[in-house]
2 protein chains.
Amino acid sequence: MALMTIGKLSGATAVKVTTIRYYESIGLLDEPQRSASGQRLYAGDSVERLRFIRHARDLGFPVSAVRELISLQVEPGRECVLVDQIARRQLDEVRRRLTQLEALEAELKRMIRACEGGKIGSCSVLAALGQHENCLHEQHDGAEVLAGLPSKGA
Amino acid sequence: MALMTIGKLSGATAVKVTTIRYYESIGLLDEPQRSASGQRLYAGDSVERLRFIRHARDLGFPVSAVRELISLQVEPGRECVLVDQIARRQLDEVRRRLTQLEALEAELKRMIRACEGGKIGSCSVLAALGQHENCLHEQHDGAEVLAGLPSKGA
DNA sequence: CTTGCCCCTCTAGTTACTGTAGACTGCAGG
DNA sequence: CCTGCAGTCTACAGTAACTAGAGGGGCAAG
């Protein structure tokens, strides 16, 4: 395939133009050739590279992990174990988040259910959020799971 | 209850001092009284307010939603429907993320399984990342979910 | 008085982008 | 040839939701 501008690459990969430039700026993508007037010109393999990055990101790998994966990709074979480790780490992370979200789902459902039956003078959702002490019923286990939430608390 | 400094409030709610000031700066918390020397002095109800905020945030409500909830809390009762809507929206969001994460989990498991049996020549994880097409799309939301990950635990 | 923790403001950094400003390029129509 | 417009360039600012640090002042005890 002939060289393409950043717009074409964007179209081919569904990655936004600005994001492509961003990836270049943080070193995920090599600097491409430039036209005489300074426009970026990409070869066909850029599409694969970019898809790789995008797919890894969609899988939840942080950029730092993507960087690792790329570097391992360059010298393949022997390092498969490392790649496996990175993937496993990511899987653990995904599972951790799954557990948290399931707890959140349960708590939200409970809140909403309470609100539905709400002849209660004050909304149960707000009550549940206020919680601590004088709540309608004994309190859930959700909060404990939430205690370890990654949302930058703790 | 006597007035307390920001440190006490932080201790009582497990919300960091800097975060409390941050919440004040974005209008989630009212500006408290100040001592003669300029230190913030909080009344007892600040504890409840702050716990409410923190709990809502832990449940994944964005700050904008928390703001809404607070405003509804001020004039309670009649607005229960609105509160319910916000909670439902949040529940939908949580479910969406759950679905996405489940797909991620499946794909990661598949990748790792392939890698285990894998010969050295071609790591299947990298191969799996290279091929696109069959998987998740919706890149923006993916990134959103992933943003705010611990990255310390890893 | 000094130690040491607490508090103050302000700024900048984090992650992974997205959006904007202001200027230039490349190409088609009239 | 001119005009118009989409596409591209750089550079900076903004987003979410905080966190961390600099550089200073306050306050009670030893």
Side-chain angles (χ1 to χ4, degrees), chain A residues 2-29 31-42 50 53-67 90 93 97 149-154, chain B residues 3-29 31-42 50 53-67 90 93 97 138-154:
Chain A
L3 297 174
M4 60 183 118
T5 63
I6 198 169
K8 305 290 183 190
L9 179 60
S10 171
T13 57
V15 177
K16 289 181 185 158
V17 168
T18 47
T19 306
I20 295 173
R21 285 198 279 253
Y22 170 70
Y23 284 161
E24 182 186 322
S25 79
I26 62 171
L28 279 190
L29 283 175
E31 295 184 15
Q33 291 183 44
R34 297 284 185 135
S35 73
S37 62
Q39 299 195 351
R40 290 168 180 80
L41 295 177
Y42 295 92
L50 193 45
I53 294 169
R54 205 49 249 176
H55 192 193
R57 292 286 305 115
D58 284 343
L59 283 167
F61 292 91
V63 166
S64 57
V66 178
R67 226 189 294 268
Q90 185 54 27
E93 182 57 35
R97 276 186 276 156
L149 248 180
S151 47
K152 318 229 163 161
Chain B
L3 298 174
M4 60 184 118
T5 64
I6 198 169
K8 304 290 181 190
L9 180 59
S10 171
T13 57
V15 177
K16 288 180 185 159
V17 169
T18 47
T19 306
I20 295 173
R21 285 198 278 252
Y22 170 69
Y23 284 161
E24 182 186 322
S25 78
I26 62 172
L28 277 191
L29 284 175
E31 295 183 17
Q33 292 183 45
R34 299 284 185 133
S35 72
S37 61
Q39 301 195 350
R40 289 169 179 80
L41 294 177
Y42 295 91
L50 193 45
I53 294 170
R54 206 48 250 175
H55 191 199
R57 293 284 308 116
D58 285 344
L59 283 167
F61 292 89
V63 167
S64 56
V66 179
R67 225 188 294 268
Q90 184 55 26
E93 180 61 30
R97 286 192 223 172
E138 217 179 349
Q139 70 243 35
H140 170 71
D141 290 323
E144 191 173 73
V145 170
L146 301 166
L149 270 183
S151 77
K152 299 172 181 175

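Letters A, B, ... are given to chains in the order of the sequence lines, protein chains preceding strands, and every chain is numbered from 1.
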What residues from residues 31-38 of chain B pass a heavy-atom cutoff of under 4.0 Å to DNA chain D? S37(B)
Spacing of K16(A) atom NZ relative to dC9(D) atom C1', expressed in whole Å: 19 Å
Look up atom OG1 in T13(A) and atom CD1 in I53(A), then write down how far apart they are to the nearest 0.5 Å. 9.5 Å
Donor-acceptor pairs under 3.5 Å, side chain of residues 20-27 of chain B to any protein atom, not counting sequence neighbours: which ones?
unit_1 : atom_1 : unit_2 : atom_2 : d
Y23(B) : OH     : R54(B) : NH1    : 2.7
E24(B) : OE1    : R40(B) : NE     : 2.8
S25(B) : OG     : Y22(B) : O      : 2.6

Could you tell me whether the phosphate oxygens of dA17(D), OP1 or OP2, come under 4.0 Å of any side-chain nitrogen or oxygen in Y23(B)? no
Partner residues of S35(B) under the side chain to side chain contact (heavy atoms under 4.5 Å, CB included) criterion, sequence neighbours left out: S37(B), Q39(B), L41(B)
Starting at CG of L41(A) and ending at C1' of dT25(C), how long is that distance when rounded to a whole Å? 12 Å
Is the shortest side-chain N/O distance from T5(B) to OP1 or OP2 of dC6(C) below 4.0 Å? no
By nearest-nucleotide position on DNA chain D, the 5'-leaning member of V63(B) and Q39(B) is V63(B)
Nearest-Å distance, CZ (R57(A)) to P (dT18(C))? 10 Å
Closest approach to the side chain of I6(B), judged atom by atom: which nucleotide of dC9(D), dT9(C), dC7(C) is it? dC7(C)
Quick one: pull up CG in L50(B) and CG in L9(B) and give me the separation to the nearest 0.5 Å. 5.0 Å
Out of curiosity, Q90(B) CD to F61(B) CZ, how far, rounded to the nearest 0.5 Å? 5.0 Å
Could you tell me the separation between the CD atom of E24(B) and the P atom of dT9(C), rounded to a whole number of Å? 8 Å
Spacing between Y22(B) atom OH and dC7(C) atom C1', to the nearest angstrom: 21 Å
N/O (side chain, T19(B)) to phosphate O (OP1/OP2, dA17(D)) under 4.0 Å: no
In whole angstrom, give the distance that lies between atom CZ of R21(A) and atom P of dG19(C). 13 Å
Looking at every heavy atom in both A56(A) and V66(A), which two are closest together, and how far apart are they? CB-CG2, 3.8 Å
Can you work out whether V17(B) or S64(A) has the more 5'-proximal nearest nucleotide on DNA chain C? V17(B)
Protein-nucleotide distance (R40(A), atom CZ; dG26(C), atom P), rounded to Å: 15 Å
When the distance from CG of L3(B) to C1' of dC7(C) is rounded to whole Å, what number comes out? 16 Å
Contact between P62(B) and R67(B) at the side-chain level, heavy atoms closer than 4.5 Å - yes or no? no
